[in-house]
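Worksheet for the structure shown next.
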Amino acid sequence: MKVKIVNRSRFALPEYQTPLSAGLDVRADLDAPVTLGPLQRAMIPTGLFVELPEGCEMQIRPRSGLAAKHGVTVLNSPGTVDADYRGEIKIILVNLSDEPFTIEAGERIAQMIVARYEQIEWQPAEELGATERGAGGFGSTGK
């Protein structure tokens, strides 16, 4: 799939880190480092603008290493970039640790995944088809 991208950052385009990676690592495009204190959040610019094909979305997901090592994650995970959005992609990061964390310019802060989707048309009904599970949820299938 080809996706138009405008790169106004100082860094290379997002790229896959391994041949079978699903997500493209995206970098912070900062003029100065940003320090997130415990439980602080910030919108981090990327300098990237995309034109997604109709029927596609871009999901913004956390990087597992950043979350596991530092407690920093994407707050609205996954974030969604719609096909008709043309503004700069910004990443909402939150520091869930008890120590400050500094984001440097060019640091890989999130992953981007492009996925196809379908829009639905609601079909109003009086009842739904029966299943073995029924209305059981939130741990109902566990022991």
Side-chain angles (χ1 to χ4, degrees), residues 1-123 125 128-143:
M1 172 187 312
K2 293 189 185 264
V3 174
K4 286 185 180 179
I5 186 166
V6 173
N7 183 1
R8 295 197 177 130
S9 79
R10 301 181 307 271
F11 308 103
L13 290 176
E15 58 187 5
Y16 298 104
Q17 294 300 303
T18 68
L20 299 180
S21 292
L24 298 133
D25 284 352
V26 61
R27 297 179 183 276
D29 185 37
L30 299 169
D31 293 326
V34 172
T35 298
L36 293 177
L39 300 180
Q40 279 190 314
R41 64 186 179 272
M43 289 183 60
I44 306 298
T46 66
L48 302 174
F49 303 75
V50 297
E51 183 178 324
L52 296 169
E54 184 175 333
C56 290
E57 64 157 336
M58 178 178 285
Q59 297 174 8
I60 306 298
R61 299 182 183 180
R63 290 193 62 242
S64 58
L66 206 54
K69 294 176 186 173
H70 305 286
V72 175
T73 190
V74 176
L75 187 58
N76 61 326
S77 181
T80 299
V81 178
D82 294 307
D84 57 354
Y85 178 68
R86 295 296 184 267
E88 180 181 9
I89 296 171
K90 295 183 180 181
I91 312 295
I92 306 170
L93 291 183
V94 62
N95 180 358
L96 298 178
S97 77
D98 56 2
E99 297 179 11
F101 180 80
T102 301
I103 302 156
E104 302 286 345
E107 186 166 354
R108 294 179 296 148
I109 57 169
Q111 297 182 73
M112 303 172 144
I113 295 177
V114 174
R116 294 190 186 280
Y117 68 88
E118 291 189 43
Q119 287 189 330
I120 65 165
E121 180 179 329
W122 291 114
Q123 183 179 355
L128 303 176
T131 66
E132 184 178 329
R133 181 179 185 169
F138 300 100
S140 66
T141 61
K143 293 184 180 181

Which pair of non-hydrogen atoms, one from [X] and one from [Y], has the smallest distance, and what is that distance?
X	Y	value
Pro38	Pro100	CD-N, 4.2 Å
Leu75	Arg41	CD2-CD, 3.4 Å
Arg61	Ser77	CA-OG, 4.4 Å
Phe101	Asn95	N-ND2, 3.6 Å
Pro45	Met43	CD-O, 3.7 Å
Ile113	Gly23	CG1-CA, 3.6 Å

- Does any donor atom in the side chain of Gln59 or Glu57 lie under 3.5 Å from an acceptor atom in the other side chain?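 Yes.
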Using modelled atom types and a 3.5 Å cut-off, is there a donor and acceptor pairing between side-chain atoms of [X] and backbone atoms of [Y]?
X	Y	result
Glu88	Gly47	yes
Arg63	Arg108	yes
Thr46	Ile89	yes
Gln111	Pro62	yes
Arg27	Gly106	yes
Arg86	Ala83	yes

State, with a plain yes or no, whether a side-chain heavy atom of [X] is found less than 4.5 Å away from one of [Y].
X	Y	answer
Thr102	His70	no
Leu52	Val3	yes
Val74	Leu93	yes
Val50	Met112	no

- Query: Out of Ile92, Leu36, Leu30, which residue meets the side-chain contact (heavy atoms from CB on, under 4.5 Å) rule with Ile44?
  - Reply: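 Passing option: Leu30.
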- Message: Applying side chain to side chain contact (heavy atoms under 4.5 Å, CB included) to Val72 and Val94, what does each step give before you reach the verdict?
- Response: CA-CA 6 Å; Val72 175; Val94 62; over 6 Å; no
- Passes side chain to side chain contact (heavy atoms under 4.5 Å, CB included), Cys56 versus Met1? Steps please. CA-CA 10 Å; Cys56 290; Met1 172 187 312; 3.7 Å; yes
Please report the interatomic distance [atom1]([X]) to [atom2]([Y]), rounded to the nearest 0.5 Å.
X	Y	atom1	atom2	result
Thr73	Ile109	OG1	CD1	11.5 Å
Tyr85	Glu51	OH	CD	14.0 Å
Asp29	Glu107	CG	CD	13.5 Å

